[in-house]
Amino acid sequence: RFYYLLSYTPTDSSFDGRFRTISVDTSRSGVEIFTRKGYLAVPPDTTVPVRTNEAPAIALLDRQPIPDEFPIHASALSFPQPERPGRVPVMVELTGDALTYTLDEDTKEYSADFTIVARLRNSQGQEVDRLSQRYPLTVPGDNLEKVKKGNILFFQETDLPPGRYALDVAVHDAGGDRASVRHGAVDVPATTEGELRLSSLVLLQRVEKLPPSETGGDNPLHYGETIVYPNLGEPLSKSVMPALGFFFTAYAEGGSPPKQAAIELLREDKVLAKLPIPLPPPDADGRIQHAATLPLQALQPGEYALRLVVQSGPTLQARQARFALTE
């Protein structure tokens, strides 16, 4: 007629993400025991349920020094819409040569296995959401070099209340037990019905034309017949990219939609140039999208910021993005 609940606190507080087995037994007869086989050694303040493949990456998110065994880039952006005011796309990018590949002598195929985890924390440091994806890859031997030269892009979305959030990203290469971690932040602005909603200012890495079957989708990075790929923090080279592309989206609900914006180039918080940007009229959904380029050839190498200012009636909003420029 009775049951007892036992709790267990491990003495090993090194949260390495591994699965630790436990067992419970009793010398008393006539007792039925129900137990877990074990647990994943992740920090106790993890609030979103943990998948087995996520655990090694989660264990790395707070490690010091920060793991940095191969290059990765990560960013989170804000794209508020009337029906999704807290829409936040999260992106992580790495190259295929960052991974460890194992050859199967029988099939002559290479395999790799890695997991990407992106954690979002509020201003109190609490985990509010976690996005992840496991990538088990199988590559024919004659295609390995092509895969190594290619890019791997993680793209997932979440919806968050207004506030500032920390972004913690880990990529764990299971084949080589190697990892890299990056930290960043994203601001989700408070919005008021009927007022201007402005996305992040997105610096562009490249633009690709979409096939007709994919145009008109809901992806916030779709722009007409193209998809824009953000620069996630990689330095810009003038010899490779003579002009910097940028992109943003605004929603004008009610009132007079903005007809003009301004873009400012800053270095050490000093405005070097300010240019007006004529804006197109909003589409049937009240959305205004705009993309343009900024010449880089006249700029000296260094750290810069690009600031966007848009005003709609009495509402003025600004967004800023930083970039590093090299020769």
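Throughout, residue positions are numbered sequentially from 1 according to the sequence presented.
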*Shortest non-hydrogen separation from L60 to A179 and the atoms involved*: CD1-CB, 3.2 Å
*asked:* Between V181 and I116, is there shared hydrophobic-cluster membership here, with clusters defined by ILVMFWY side-chain heavy atoms closer than 4.5 Å?
replied: no
*What heavy-atom pair brings R63 and A59 nearest, and what distance separates the two atoms?*
NH2-O, 4.0 Å
*To the nearest 0.5 Å, what is the distance between CD1 (I22) and OH (Y39)?*
8.0 Å
*asked:* Is there a side chain to side chain contact (heavy atoms under 4.5 Å, CB included) between L279 and Q260? Walk through the geometry before answering.
replied: CA-CA 5 Å; L279 297 178; Q260 186 169 287; 5.5 Å; no
*Counting only heavy atoms not in Q297, do more than 12 sit closer than 6.0 Å to its CD atom?*
yes
_Atom pair NZ (K238) and CD (E327), whose distance is rounded to the nearest 0.5 Å_ = 4.5 Å
*Does T21 use its side chain to pair, donor to acceptor, with the backbone of G38 at less than 3.5 Å?*
no
*Distance from K148 atom NZ to L144 atom CG, nearest 0.5 Å?*
4.5 Å
*side chain to side chain contact (heavy atoms under 4.5 Å, CB included) evaluation trace for V92 with V171*: CA-CA 9 Å; V92 184; V171 180; 4.1 Å; yes
*From CG (L203) to CE (M241), nearest 0.5 Å*: 10.0 Å
*Side-chain donor-acceptor pair present, S123, R164, cut-off under 3.5 Å*: no
*Share the residues that join L221 in a hydrophobic cluster, the rule being Ile, Leu, Val, Met, Phe, Trp or Tyr side chains under 4.5 Å apart at the heavy-atom level.*
L77, F79, M91, L153, F155, V202, L204, V207, L210, Y223, I227, V228, Y229, L232, F247
*asked:* Checking R197 against T191 for the side chain to side chain donor-acceptor pair (under 3.5 Å) test, could you report, in this order, the C-alpha distance in whole Å, the side-chain angles of both residues, the deciding distance, and whether it holds?
replied: CA-CA 7 Å; R197 302 174 190 264; T191 59; 2.8 Å; yes
*Given salt bridge (charged side-chain N to carboxylate O under 4.0 Å, His left out), test E83 with R287 step by step and report yes or no.*
CA-CA 12 Å; E83 66 279 8; R287 182 181 63 175; over 6 Å; no
*Please lay out, stage by stage, how R182 and D68 fare under the test salt bridge (charged side-chain N to carboxylate O under 4.0 Å, His left out).*
CA-CA 8 Å; R182 295 292 182 271; D68 188 17; 2.9 Å; yes
*Side chain of R307, backbone of L265: donor and acceptor closer than 3.5 Å?*
no
*Decide yes or no for H222 and P220: does some side-chain heavy atom of the first lie under 4.5 Å from some side-chain heavy atom of the second?*
no
*For the pair R178 (side chain) and E69 (backbone), establish whether a donor and an acceptor sit closer than 3.5 Å, ignoring hydrogens and angles.*
yes
*Does any non-hydrogen side-chain atom of L131 lie less than 4.5 Å from one of F154?*
yes
*Can you establish whether the number of heavy atoms outside R322 located under 6.0 Å from its atom CZ is more than 12?*
no
*Taking C-beta and beyond as the side chain, do V169 and V117 meet within less than 4.5 Å on heavy atoms?*
no
*So, R119 and D62, do they make that salt bridge, N to O below 4.0 Å?*
yes
*Got a donor-acceptor contact below 3.5 angstrom from the S180 side chain to the F70 backbone?*
yes
*T326 and L236: CA distance, side-chain angles, deciding distance, side chain to side chain contact (heavy atoms under 4.5 Å, CB included) verdict*: CA-CA 6 Å; T326 67; L236 306 176; over 6 Å; no
*Y251 versus P82: any side-chain heavy-atom pair under 4.5 Å?*
yes
*Are L275 and V310 connected, step by step, through hydrophobic side chains (Ile, Leu, Val, Met, Phe, Trp, Tyr) whose heavy atoms are closer than 4.5 Å?*
yes
_Short N-O contact, E303 and R267, less than 4.0 angstrom_ = no
_Would you say D129 and T158 are linked by a side-chain donor-acceptor pair, where the criterion is simply a distance under 3.5 Å?_
yes
*Work out which heavy atom in A98 is nearest to a heavy atom in D173; give both atom names and the distance.*
O-OD2, 4.3 Å
_CA sep, side-chain torsions, deciding dist, call: E54, S132, side chain to side chain donor-acceptor pair (under 3.5 Å)_ = CA-CA 7 Å; E54 293 178 335; S132 72; 2.4 Å; yes
*Test R84 against E157 for salt bridge (charged side-chain N to carboxylate O under 4.0 Å, His left out), laying out the working first.*
CA-CA 11 Å; R84 294 181 64 184; E157 293 184 319; 3.6 Å; yes
_Which label fits H290 and F246: parallel for a plane angle under 30°, tilted from 30 to 60°, or perpendicular past 60°?_
tilted
*Go through the side-chain N and O atoms of H172 and N53 and say whether any donor and acceptor fall under 3.5 Å apart.*
no
*D283 side chain to D285 main-chain N or O, any donor-acceptor pair under 3.5 Å?*
yes
_Please find the pair of heavy atoms, one from P10 and one from R20, that lie closest to each other, and give the distance._
CB-NH1, 4.5 Å
*So, are R87 and D218 salt-bridged, with charged N and O less than 4.0 Å apart?*
yes
*Say you draw a straight line from OG1 of T249 to CD1 of I288; how long is it, rounded to the nearest 0.5 Å?*
10.0 Å
*Could you check if a side-chain atom of K37 sits within less than 4.5 angstrom of a side-chain atom of T35, using non-hydrogen atoms only?*
no
*Go through D97 and K149 one step at a time and tell me if the salt bridge (charged side-chain N to carboxylate O under 4.0 Å, His left out) criterion holds.*
CA-CA 6 Å; D97 60 1; K149 294 177 181 178; over 6 Å; no
_Heavy-atom pair with the smallest gap, counting every atom of V186 and A76_ = CG2-O, 3.6 Å
*Closest non-hydrogen atom pair, A118 against L167*: CB-CD1, 4.2 Å
*Counting only N and O atoms by type, is there a donor-acceptor contact under 3.5 Å from the side chain of R130 to the main-chain atoms of I58?*
no
_Side chains of P257 and S312, heavy atoms from C-beta outward: is any pair under 4.5 Å?_
no
*Flag yes if V188 and L201 sit in one hydrophobic cluster, no otherwise; membership is Ile, Leu, Val, Met, Phe, Trp, Tyr, and two members link when side-chain heavy atoms are under 4.5 Å apart.*
no
*Find out whether Q133 and T115 are in side-chain contact, i.e. whether some heavy atom of one side chain is under 4.5 Å from a heavy atom of the other.*
no
*Measuring from T100:OG1 to D177:CG, what's the distance to the nearest 0.5 Å?*
9.0 Å
*Could you tell me whether the side chain of V309 reaches within less than 4.5 Å of the side chain of L316, counting heavy atoms only?*
yes
*Which other residues end up in the same hydrophobic cluster as V271, if Ile, Leu, Val, Met, Phe, Trp and Tyr are linked when side-chain heavy atoms come under 4.5 Å apart?*
L266
*Are the side chain of Q317 and the backbone of L196 linked by a donor-acceptor contact shorter than 3.5 Å?*
yes
*Is the F114 ring parallel, tilted or perpendicular to the Y135 ring (thresholds 30°, 60°)?*
parallel
*asked:* Using side chain to side chain contact (heavy atoms under 4.5 Å, CB included), reason through Y165 and L160 one step at a time and then give a plain yes or no.
replied: CA-CA 9 Å; Y165 296 88; L160 300 173; 3.9 Å; yes
*So, are K209 and E225 salt-bridged, with charged N and O less than 4.0 Å apart?*
yes
*Report the residues that fulfil salt bridge (Lys or Arg N to Asp or Glu O under 4.0 Å) with K274, sequence neighbours left out, ordered by chain and then residue number.*
E264
